[in-house]
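Just below is one structure, and these are the notes that go with it.
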Number of protein chains: 2
Amino acid sequence: MSNEQPPATMADVARAVGVSTGTVSRALRGLPGVSEAMRRRILRAAEGLDYVVSPGASGLATGRTGSVAVLVPHISRWFHARALAGAHHVLRNAGFEVVLYHVEGIAERREFFETLPVRRRVDGLVIIALSLSEKEIERLGGLGMPVVGASTDLGRHPSVGIDDPAGAAMAVRHLANLGHQRIGMIRATDEEGIHGGVSQRRLDGYLAAMAECGLPVQQDSIVSAPWGIDGGAQAMAQLLSLRTPPTAVFAEADDIAAGALRSLRRAAVDVPGQMSLIGFDDSPIADLLDLTTVAQSVYEQGLIAGRMLVEAVEQGTIAEPGQRLDTRLVLRGTTSAVRRPAL
Amino acid sequence: MSNEQPPATMADVARAVGVSTGTVSRALRGLPGVSEAMRRRILRAAEGLDYVVSPGASGLATGRTGSVAVLVPHISRWFHARALAGAHHVLRNAGFEVVLYHVEGIAERREFFETLPVRRRVDGLVIIALSLSEKEIERLGGLGMPVVGASTDLGRHPSVGIDDPAGAAMAVRHLANLGHQRIGMIRATDEEGIHGGVSQRRLDGYLAAMAECGLPVQQDSIVSAPWGIDGGAQAMAQLLSLRTPPTAVFAEADDIAAGALRSLRRAAVDVPGQMSLIGFDDSPIADLLDLTTVAQSVYEQGLIAGRMLVEAVEQGTIAEPGQRLDTRLVLRGTTSAVRRPAL
DNA sequence: TTGAAAGCGCTAACAA
DNA sequence: TTGTTAGCGCTTTCAA
């Protein structure tokens, strides 16, 4: 059944129909200048021979690869996977292959930017949620292909994202409106212990909203920990060990908040009775834990980034670069006014 | 700075050094028959020109693409993303590009198997956690390239996985050893409402262990629900509405168990006092929820699948096809003997 | 050790 | 509307 003979070439199809490969090529790609009758015969023959064009050969001739690359860190984090899924969806629908570059850890990342393995392999690049340095952005310039970002700022390259400061401010104002005065923040760092652009912008929003509400910022109520559930737990532990702990905490991501919640549970701190907690992203974990959070449309950011890249590759320009999607407050069970004696 | 001129070709390098492209090709690939001095000059020139070979052209000439495809459903589920990360890691290290085919939903899946878009584009295919029908496995035969599976059974194609029945039996025996007599099971279905092979095998293990322990199986204590947290919640609700609910439940995946836990919490059923619950996979959610579970090495399955594919592509044979990794019981806080009146 | 030349499978410009 | 013919950038005999 399964033919192990080499796959048919365009020449085979041409021979079968009795025409030249030029005509077959035109017919298969739906170009004008082929009679309908001939096109049908060719299509039939191609199908019969189980023929598909060789992307490599086609790419050689046209100068386009038909592939795009997606660069994504930490694919097993919900956020990154969702954005990737969105980008993949539109890219595939636009006829592109999606080549995955997963960089986890600093070594892989450095290698990517040093060797730029996407050169000559793809027609464009989508970068998801990776905070790049000036130098790294610089490197992308020499790529000679369009680059777009999702949930990251790429300097002069177009990108989709949200208004992070606004989202963070929304969270803080919600807590302030509930009467909280001492509002802390938990920030996350990457494996190198540094804060990405998103973390920076959410801090900015936090600070702006605190000022706007006339609330004092206690420096020791802003704590950082490695990204993840354990990091969040550790950060909350730190807050709980302060002389005067905050009565409400804004965690820069739901996963961080999940860890914070674990520490609160272990310490038997009543949530939200004694401590309010709000996250960011509205990931499934927020729903599971009944966590109040700031929602953003992650899949859609992937979609838009993919769409922008397709535009850039096919038309050379992007109608709307720099889109910012809105954020929404999702009220759940972890925020309220203080109802029991504060810590 | 960023040269917008077309990238250098091998001919450019050859010209710069004053040799033929044949020599450049040999030098760059480390083939014998090039003097060390010449090789160094060529390497230097290539670097100076910022040259990289065109994979398309190279592929045309050699008949190999240098890429492999990974087919994966539901990339935003932790399990799938982890396995993908493992496969990606070894494949990239072996010098392959990883082309991603994400199939979510039945339409995308059918399209994949009808058009087989990987034909002529890649040298091999890794399939992650997708239960294939006989027909679909059949289709893979005509691909003319090696195919390996991770966490799925691919018939005559090699694959890595765990011993699912053994893992499930381990869970059930644990519950039985705690004195539970009425042990239920929650199974998950895909979007079409059908059970995949993994679900089937875990049911087999459950049934076998129940028999082994001399426990009666109540048919209405085996419930199915759509995959996910909500499905798990719904399934547990169903169990809680039985005439005589089980005192312990085995959920075929942690995500299902998470939902089940939510229903138990809402119904104020004491866990594990009145009801024990055990999951499967040992995903981060299990740790977060302090869920007893059966652990498997997901990333490693991806690694092994990738490694097998590399072997198959490069050597044509696989030393150890059909590897089965072991599973481990991870004791946490959701299982115990019944300590309060059963429901 | 190196060069010359054919060819991988396709596209595109030009002719017919 | 269709055919012819150069390439696209590389690899790989075969000669030198």
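Side chains included, hydrogens not; waters and symmetry mates left out as well; all remaining heavy atoms used. Here is how names work: the chains are called A, B, and so on, in the same order as the sequence lines, proteins then strands, and each is numbered from 1.
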When you measure from the side chain of [X], which nucleotide among [options] comes out closest?
X: A:Ser58; options: C:dC10, D:dT2, D:dG9; answer: C:dC10
X: B:Val19; options: C:dT11, C:dG3, D:dT2; answer: C:dG3
X: B:Ser20; options: C:dG3, D:dT2, D:dT11; answer: C:dG3
X: A:Ala57; options: C:dT2, C:dC10, D:dT2; answer: C:dC10
X: B:Leu60; options: D:dG3, D:dC10, D:dG9; answer: D:dG9
X: A:Ala61; options: D:dT11, D:dC10, C:dT11; answer: C:dT11

Is any NZ, NE, NH1 or NH2 atom of the basic residue among [X] and [Y] found under 4.0 Å from an Asp or Glu carboxylate oxygen of the other?
X: A:Arg109; Y: A:Glu104; value: no
X: A:Arg39; Y: A:Glu36; value: yes
X: A:Arg139; Y: A:Glu114; value: no

Quick one: is [X] getting a side-chain N or O under 4.0 Å of the [N] phosphate, OP1 or OP2?
X: A:Ser25; N: C:dC10; result: no
X: B:Ser35; N: C:dT2; result: yes
X: B:Arg29; N: D:dT12; result: yes
X: A:Thr21; N: D:dG3; result: no

A:Ile127 vs A:Leu140 side-chain heavy atoms within contact, under 4.5 Å: yes
Close side-chain approach of A:Arg307 and A:Val310, heavy atoms under 4.5 Å: no
Report the distance from atom [atom1] of [X] to atom [atom2] of [N], rounded to the nearest whole Å.
X: A:Arg15; N: C:dC10; atom1: CZ; atom2: P; answer: 11 Å
X: B:Met10; N: D:dC8; atom1: CE; atom2: P; answer: 15 Å
X: B:Leu31; N: C:dT1; atom1: CG; atom2: P; answer: 13 Å
X: A:Leu28; N: C:dG9; atom1: CG; atom2: P; answer: 16 Å
X: B:Arg64; N: C:dG9; atom1: CZ; atom2: P; answer: 16 Å
X: B:Arg120; N: C:dG9; atom1: CZ; atom2: C1'; answer: 7 Å

Residue met sooner reading DNA chain C from 5', once B:Arg39 and A:Gly22 are mapped to nucleotides: B:Arg39
No-H, no-angle donor-acceptor pair, A:Arg26 side chain to D:dG3 base, under 3.5 Å: yes
